[in-house]
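Right, one structure below, let's go through it.
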Amino acid sequence: MTGISRDARYIRDNVIEHNRFFGESLPLIASENVISPLQREMLNSDFNGRYAEGLPGHRYYQGNEFVDRVEEKGMELAKKLFGCSFADLRPISGTVANLAVLFALTKPGETITTPALSDGAHISTAKFGAVGVRGLKTANYPFDAERMTLDVDGTAKMLREIRPGLALFGMSLFLFPAPLKELSDVFAETGCTVWYDGAHVLGLIAGKQFQDPLREGAHIISGSTHKTFPGPNHGIILANPKDEGLGKALAKGVFPGVTSNHHLHEMAALCIALDEMRRFGRQYARQIVLNSKALAESLYERGFDVLAADYGFTESHALAVNVEKQGGGSECALALEKANIVVNKNLLPSDTSPVHPSGLRLGTQEVTHLGMKKGEMDEIASFFERLLLKKEDPLSVSRDVRRFKKKYVRLKYCYGEGYPAYKYERFFS
Ligand code: DSN
């Protein structure tokens with residue numbers, strides 16, 4: 001076999017180093033996760049190199065017999081898991097899913113209502129993100145920063161005044177359920193289509209440990225499939241369309257709207273993830289929420305300014321900490337990385353600079369996937385305390401983090417439980 005080039009070796013070495021780094025670190029970014037060995041097998045299949053534009057049974061290429069079977073099974077699994085009549089597994093990311101919804105349901109120049117970026121909305125709802133690409137205007141809901149959720153009365157008033165065709169809910173800093181039930185009368189009165197960006201909480205919804213948007217007033221859920229939902233990097237749209245036209249419009253928004261091919265290897269891995277969540281989802285999602293509450297409590301007791309302290313901190317996988325007094329989000333995130341703790345800086349309500357925000361956002365979905373429970377959350381909080389409050393040297397904290405992490409590098413809540421989560425498989429020596 002021909003040896004690989006220096007450049008190829010350089011690339012591979014860096015990927016191997018990345019795997020090693022994550023294997024030795026505490027992954028606490030609220031939008032990430034690791035996947036099961038069976039999903040990895042799908043990613044490594046010949047589906048990667050193929051095209052299947054269109055929907056099962058209505059493709060533009062030959063060679064799709066088995067792809068069609070897989071995608072049909074996945075759509076069936078998604079409909080059952082989320083209790084809906086429409087499932088599209090073709091968006092190749094959460095943002096692409098959002099673009100597809102926007103292409104299906106809006107026209108340039110219209111106004112949609114959304115949460116504000118600084119209150120935790122996703123970048124695709126901003127003018128310089130997907131809604132801007134679609135040429136839309138946005139109006140932001142009023143927010144209750146104490147409770148870290150929308151101000152229900154203010155939002156109701158705003159929806160009555162603006163009467164948007166499309167009202168978007170859902171966040172990237174998603175601590176508490178969106179008040180859909182509370183607003184359902186207003187939705188009916190104004191006739192808006194209610195769209196829920198569930199990227200962050202999709203696994204919690206699948207595991208029945210958060211709100212159930214499609215039963216609370218939402219018509220559409222979009223999302224990525226790799227956060228609390230422990231699947232491949234991909235996207236999904238789920239809906240209970242008000243009429244047949246809505247399902248058709250959504251499907252057309254995806255293809256030919258904003259995708260051509262839909263990354264079939266990821267789609268196959270997503271189908272496995274849907275099945276894994278049917279089997280393991282409840283237990284997994286329950287532990288994620290228990291862990292985020294425990295981590296928030298332990299950080300708070302150690303002296304951190306964890307948001308929404310009077311309201312139980314969080315009901316999701318995520319929590320937010322104001323670290324202004326410890327030097328701000330950027331500085332703290334960098335210090336944590338030196339200690340092998342991976343988090344991201346985050347805008348908090350009233351912040352204006354995304355480069356120097358005052359917050360850190362933490363998520364427990366990946367450490368939960370690795371088998372951690374309440375006791376481990378306390379241990380993690382103690383690393384934060386040593387580093388950010390007691391200002392201990394990052395390298396000495398890092399030594400203890402790496403020692404601690406050695407026990408948590410194998411997957412739970414999936415087929416192949418116990419498989420090494422950060423394993424790198426070599427094909428060349
Ligand atoms: N950028 C992701 C997040 O961290 O929330 C969402 O796409």
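Counting convention: from 1, in listed order, for ligands and their atoms alike. Residues: numbered from 1 along the sequence shown.
The shortest separation from a heavy atom of K227 to ligand 1 is under 4.0 Å, placing the residue in contact.
Cation-pi contact between R134 and F103: present, with separation from the ring centre below 6.0 Å and deviation from the ring axis of at most 45°.
Atom CZ of R279 has 12 or fewer neighbouring heavy atoms from other residues, nucleotides or ligands inside a 6.0 Å radius. No more than 12 heavy atoms of other residues, nucleotides or ligands lie within 6.0 Å of NZ in K325, so this atom counts as exposed by the packing criterion. Heavy-atom neighbours of F21 CZ from other residues, nucleotides or ligands within 6.0 Å: above the threshold of 12.
The side chain of R361, and not its backbone, has at least one atom closer than 4.0 Å to an atom of ligand 1 (non-hydrogen atoms only; side chain from C-beta on).
In the vicinity of S172, heavy-atom distances shorter than 4.0 Å reach the ligand 1 atoms 5 (O).
From the protein, the heavy atom lying nearest to atom 5 (O) of ligand 1 is H200 NE2, 2.7 Å. Given atom 1 (N) of ligand 1, the protein heavy atom at minimum distance is H122 NE2, 4.3 Å.
When only modelled atom types and interatomic distance are considered, S184 and E216 share no side-chain donor-acceptor pair under 3.5 Å.
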